[in-house]
Amino acid sequence: MAIIDLHSHSTRSDGKESPTEVFEHAAAAGVDVLALTDHDTTNGWAEASEAASRLGMGFVPGIEVTTRASVQVAGRNRFISVHMLAYLPDPENTALRQELLTTVNSRENRAMLMVDKLAEDYDITWELVLEMIEDGATIGRPAIADALVHLGAADDRSAAFRGPLDSRGKYYVPTDTVDSFDAIRLIREAGGVPVIAHPLTDISPNASRGDLPQDHFEKLIDAGLAGFEVYHREVPQNAREWLLLLAVEHDLIVTGSSDYHGVHGKPNRLGENTTEPEMLERIIELGSGVAAQL
Ligand code: AMP
Ligand code: MN
Ligand code: MN
Ligand code: MN
């Protein structure tokens, strides 16, 4: 059976390898179909498409859209970060493009604010952070992590995330970004298929920031959410069981993926979780913005 992995990152966002290298590694790992889903950008698609053709692999164009849900917790409004995978959206769609640009800019402002705070205690500069990434890459905490590693302040990215970059820590600044409902609408209007990435990774009582309340899922489904990434290393077993029941109840798409960030980016390995061919078929039937290359 074909090995299908629908979530990966390159140097166009926070991955450590170019789109070409990601596809070369995927081919070596026996992956048949790979989606490149860099954060808030489609800049890697052209190179991914070429590499996939050369290697005889399938390529599914995607984006991991940074969104946030506004929820009521104990009578108070809170924002919960929701990463929304968008498969096969039209990259030329003006409204979606505009929203992604706004997010990329707000990620940059937020990263600058974090670097300002960190600079009170570390020798970090904005220039050093920019040296860690390609021109035009979507910036995130991983670029700041790389700068801290470069300075010897952390052993690797994961150590930086457990330390100064922890979302509960004093240096953390959240990203101001598109509401999850608006993102679903924008992705749909661009012909894309919205699937929540790694849902409910933060449901444990001692989790860093808490996760989406379960009744919120029904609202997102009513708004046009197409499915969930159930099989992902960070989705706990009890969440998987609940999500699978919800998916059956609403006849939704269920996917599985690695969320690869490069050999030295994160421990996630290509093909470690996979998507059933029937589920990819459903994504292809539903998506109308751009064709999958199979
Ligand atoms: P941001 O979106 O800028 O808040 O940064 C979060 C991103 O950092 C996620 O999309 C992950 O890909 C990445 N990330 C989170 N934890 C780690 C980790 N322990 N090691 C490497 N990258 C991580
Ligand atoms: Mn990432
Ligand atoms: Mn994510
Ligand atoms: Mn990801």
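Both ligands and their constituent atoms are indexed starting at 1 by order of listing.
Counting heavy atoms closer than 4.0 Å to ligand 1, residue S158 contributes atoms from both its backbone and its side chain. Residue E64 does not touch ligand 1, judged by heavy-atom distances below 4.0 Å. Neither the backbone nor the side chain of T66 has a heavy atom within less than 4.0 Å of ligand 1. In H9, neither the side chain nor the backbone holds a heavy atom less than 4.0 Å from any atom of ligand 1. At a 4.0 Å heavy-atom cut-off, ligand 1 touches R141 through backbone and side chain alike.
Put simply, the residue from E17, K16, E64 that forms a side chain to side chain donor-acceptor pair (under 3.5 Å) with H9 is E64.
Aromatic rings from W242 and F217 are positioned such that their centres are separated by under 6.0 Å.
Atom-to-atom distance recorded for H83:NE2 and I196:CD1 is 11.5 Å, nearest 0.5 angstrom. Taken to the nearest 0.5 Å, the CD1 atom of I63 stands 10.5 Å off from the CG atom of L36.
Numbered from 1 in the order shown, with element, the atoms of ligand 1 that lie under 4.0 Å from a heavy atom of G265 read 21 (C).
The atom name of the N/O/S atom in E64 closest to the Mn ion (ligand 4) is OE1.
Note: no N/O pair closer than 3.5 Å links R157 and ligand 1 by distance alone.
The protein heavy atom nearest to atom 14 (N) of ligand 1 is F161 CZ, 3.5 Å.
Salt-bridge formation is detected for the pair K170/D121: a Lys NZ or Arg NE/NH1/NH2 atom is positioned less than 4.0 Å from an Asp or Glu carboxylate oxygen.
Under a 4.0 Å heavy-atom criterion, R110 is in contact with ligand 1. R107 counts as a contact of ligand 1, since one of its heavy atoms falls under 4.0 Å from the ligand.
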